[in-house]
Amino acid sequence: MSEAAPQHHRFTQHAMATTFDVIINHADSDETYAAQAAQAVFQEIARLEDELSRFRASSDIYRLGQLQAGESLLVGMAAWDCLSLAKAMHQETAGAFDITIGPLMSLFVTHEGEPRQVSKEVLAQAQTIIGSHRFDLDEETMRVTVHASNMIFDLGAMGKGYALDQAADLLQDWKITNFVLNAGDSTILALGAPSGKDAWSITLGAGAKSLALTNRAVSGSGFAVKGAHIMNPRLFTPVPLKNRRTYALAPTAALSDALSTAFMVMAPDEIAALCERYEGVEALDLEM
């Protein structure tokens with residue numbers, strides 16, 4: 001996204017393996033107040049990372065990965081929100097979005113990010129712990145029950161978006177109503193607009209397209225940064241490398257985050273049908 005104009009307050013911090021930007025319209029607050037609000041946002045994102053990272057032993061997501069088949073875990077609201085949306089998106093995308101696909105990454109991609117061949121036997125073993133049908137949610141008790149041992153739950157395809165949604169709620173609690181929240185340029189959430197404007201002007205990719213964004217989020221998925229890192233949960237194989245990037249626009253950042261990944265797997269007619277079902281959801285497909 002392009003640099004903030006002089007009438008904006010901009011604050012930056014690293015979290016969740018990316019850089020978060022908070023851009024607040026000058027008319028909303030003075031610099032000191034804006035800085036205090038931004039600090040509150042960064043503290044919230046840090047708290048969510050503690051709850052949602054599969055690499056932190058204190059997190060609900062890490063603990064879910066330690067369960068054996070048939071066991072259950074009481075989770076907090078952040079994990080519950082993400083797991084509920086993930087389960088819904090798995091169904092709505094006919095399996096194109098799946099937060100349990102993590103085991104395939106270590107099989108098909110080396111630590112250096114290079115692709116490698118996988119034997120049928122090894123792949124078949126990995127498939128026994130993959131699939132969002134292998135965990136259930138009990139809404140009454142907020143307990144998650146797994147039906148396979150040592151599953152890998154990975155919210156990388158939606159956790160940053162969820163963090164932006166929570167940050168947006170927090171800024172509105174601070175009576176700040178015109179702002180942009182940016183998670184590493186892969187997910188951007190904009191509310192309101194700068195003074196004298198109808199929307200925020202967002203630049204996608206390497207200046208490939210400008211987008212007027214207000215009260216919506218946009219997320220992009222592609223291969224330019226991380227290479228072959230997107231897995232196809234339907235076929236249990238990596239998505240073929242292509243010179244393209246898919247973008248999803250949605251009312252929330254968590255939803256746009258999840259859908260941009262799913263769109264890399266789904267066929268054009270499937271994407272069009274999903275956009276018809278969800279108000280405020282659109283798809284963009286850009287050659288990069």
Side-chain angles (χ1 to χ4, degrees), residues 1-63 75-86 142 155-195 197 199-202 213-220 249-258:
M1 191 178 70
S2 57
E3 290 294 317
Q7 69 268 27
H8 304 152
H9 304 298
R10 182 171 191 162
F11 310 92
T12 301
Q13 187 155 307
H14 189 82
M16 296 185 174
T18 194
T19 299
F20 283 84
D21 289 315
V22 177
I23 301 172
I24 297 172
N25 183 54
H26 188 280
D28 270 343
S29 59
D30 62 32
E31 187 169 4
T32 299
Y33 189 79
Q36 292 171 340
Q39 185 58 36
V41 163
F42 295 139
Q43 289 172 353
E44 175 66 1
I45 292 172
R47 182 188 70 82
L48 291 172
E49 185 171 14
D50 283 340
E51 291 192 27
L52 301 177
S53 172
R54 73 180 180 93
F55 301 106
R56 299 193 178 186
S58 61
S59 80
D60 287 338
I61 300 304
Y62 176 91
R63 289 196 291 268
V75 299
M77 185 57 71
W80 179 264
D81 286 345
C82 290
L83 292 168
S84 298
L85 178 60
M142 289 180 62
L155 299 179
M158 63 182 297
K160 296 179 184 67
Y162 179 76
L164 293 190
D165 290 331
Q166 301 310 301
D169 287 345
L170 191 152
L171 285 178
Q172 290 176 94
D173 288 343
W174 281 67
K175 309 303 181 186
I176 295 174
T177 56
N178 301 292
F179 57 83
V180 170
L181 300 171
N182 183 354
D185 284 342
S186 64
T187 297
I188 300 169
L189 174 62
L191 261 69
S195 301
K197 303 288 184 180
W200 292 87
S201 180
I202 305 298
L213 195 67
T214 181
N215 302 328
R216 257 203 314 183
V218 61
S219 299
L249 290 93
T252 69
L255 182 57
S256 69
D257 209 355

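Side chains included, hydrogens not; waters and symmetry mates left out as well; all remaining heavy atoms used. Since this is a predicted model, take the numbers as computed values, not measurements.
Between the Thr214 side chain and the Ala193 main chain, no donor and acceptor come within less than 3.5 Å of each other. In this structure a side-chain-to-backbone donor-acceptor pair under 3.5 Å is missing from Asp50 to Arg56.
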### Derivation of the side chain to side chain contact (heavy atoms under 4.5 Å, CB included) call for Leu181 and Leu171
CA-CA 10 Å; Leu181 300 171; Leu171 285 178; 3.9 Å; yes
#### Entry: Trp80 and Asp60: CA distance, side-chain angles, deciding distance, side chain to side chain contact (heavy atoms under 4.5 Å, CB included) verdict
CA-CA 9 Å; Trp80 179 264; Asp60 287 338; over 6 Å; no
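If you take CG on Leu189 and CG on Leu213, they are separated by 7.5 Å, rounding to the nearest 0.5 Å. Between Ile188 atom CD1 and Leu164 atom CG the span is 9.0 Å, to the nearest 0.5 Å. One distance of note links CD1 of Ile24 with CZ of Arg10; it measures 12.5 Å at 0.5 Å rounding. From Arg54, atom CZ reaches atom CD1 of Ile61 across 11.0 Å, with rounding to the nearest 0.5 Å. The structure places CG of Leu83 at 6.0 Å from CG of Leu155, a figure rounded to the nearest 0.5 Å. Taken from NE2 in His8 to CG in Asn178, the straight-line distance is 9.0 Å, to the nearest 0.5 Å.
Residues Gln172 and Leu191 are in side-chain contact: their nearest non-hydrogen atoms beyond the backbone lie under 4.5 Å apart. Residues Trp200 and Pro194 form a side-chain contact, since some pair of their non-hydrogen atoms from C-beta on lies under 4.5 Å apart. Counting only heavy atoms from C-beta outward, the side chains of Met158 and Cys82 approach each other to under 4.5 Å. Between Ile23 and Asn182 there is no side-chain heavy-atom pair separated by less than 4.5 Å. Considering only heavy atoms from C-beta on, Val180 stays 4.5 Å or farther from Asp21 through its side chain. Considering only heavy atoms from C-beta on, Gln36 comes within 4.5 Å of Trp174 through its side chain.
For the residue pair His14 and Thr18, the shortest heavy atom distance occurs at ND1-O, 2.9 Å. Considering every non-hydrogen atom in both Asp165 and Ala254, the closest pair reads OD2-N, 3.0 Å. Closest of all the heavy-atom pairs between Tyr62 and Phe55 is CD1-C, 4.5 Å. The nearest pair of heavy atoms linking Ala217 to Ser256 is CB-OG, 3.6 Å. Minimum heavy-atom separation, Ser29 to Ile176: OG-CD1, 4.3 Å. The two atoms that bring Arg63 and Ser58 nearest to each other are NH1-O, 2.8 Å, heavy atoms only.
For Thr187, the side chain to side chain donor-acceptor pair (under 3.5 Å) partners are Ser219, Asp257, not counting sequence neighbours. Applying the side-chain contact (heavy atoms from CB on, under 4.5 Å) test to Glu44 and every residue at least two apart in sequence or in another chain returns Arg47, Leu48, Gln166, Leu170.
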